[in-house]
Amino acid sequence: MNLTNLPLEPRQVVEVDWCDRWIVYHRLQELDIPCSCETHKPLQANLSSPTAMIQLWSVTKQYSASRQELIDWLKSCWNLNKR
């Protein structure tokens, strides 16, 4: 999911695989990000702050990235801390 050019709007459709959308939905609720997920409809989330946008990116990344991508990302974060 590319959030770089995504405007902050009250309601955004979140494109995730249908098999993962309920898991993402429940995680967003745990993070207090208002969202809705109805049968046969896409997941929608209220992104009212940059923090909510980053949290959405992080949650969706867990399900859309390969294991190797996540490992590489974590390693690059560790390398940033060592600088």
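All values below were derived from every heavy atom in this structure, side-chain atoms included, with hydrogens, water molecules and symmetry-related copies excluded.
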At what distance, to the nearest 0.5 angstrom, does CG of D17 lie from SG of C19?
5.0 Å

I'd like to check E15 versus P42 (side-chain heavy atoms, cut-off strictly below 4.5 Å). Are they in contact?
no

Residue pairs passing the salt bridge (charged side-chain N to carboxylate O under 4.0 Å, His left out) test where at least one lies in residues 62-76, sequence neighbours excluded:
none

State, to 0.1 Å, how close Q62 and L70 come at their nearest heavy-atom pair, and which atoms those are.
O-CD1, 4.1 Å

Of all heavy-atom pairs between A52 and L47, which one has the smallest distance, and what is that distance?
O-CD2, 3.9 Å

How would you list all residue pairs meeting ring-ring contact (aromatic ring centres under 6.0 Å, His included) that involve residues 24-50, not counting sequence neighbours?
W22-Y25

Got a second to check how far S36's OG is from N46's CG, nearest 0.5 Å?
8.0 Å

Working to the nearest 0.5 Å, report the span between CG of L43 and CG of L56.
8.0 Å

Check the pair V16 / Y63 against side-chain contact (heavy atoms from CB on, under 4.5 Å), numbers first and verdict last.
CA-CA 8 Å; V16 292; Y63 297 99; over 6 Å; no

Roughly how far, to the nearest 0.5 Å, is CD1 of I23 from OG1 of T60?
13.0 Å

Applying salt bridge (charged side-chain N to carboxylate O under 4.0 Å, His left out) as the test, list every pair that has at least one member in residues 26-44; sequence neighbours left out.
R27-E30, E38-K41

Calculate, to the nearest 0.5 Å, the distance between atoms SG and CZ belonging to C35 and R21 respectively.
11.5 Å

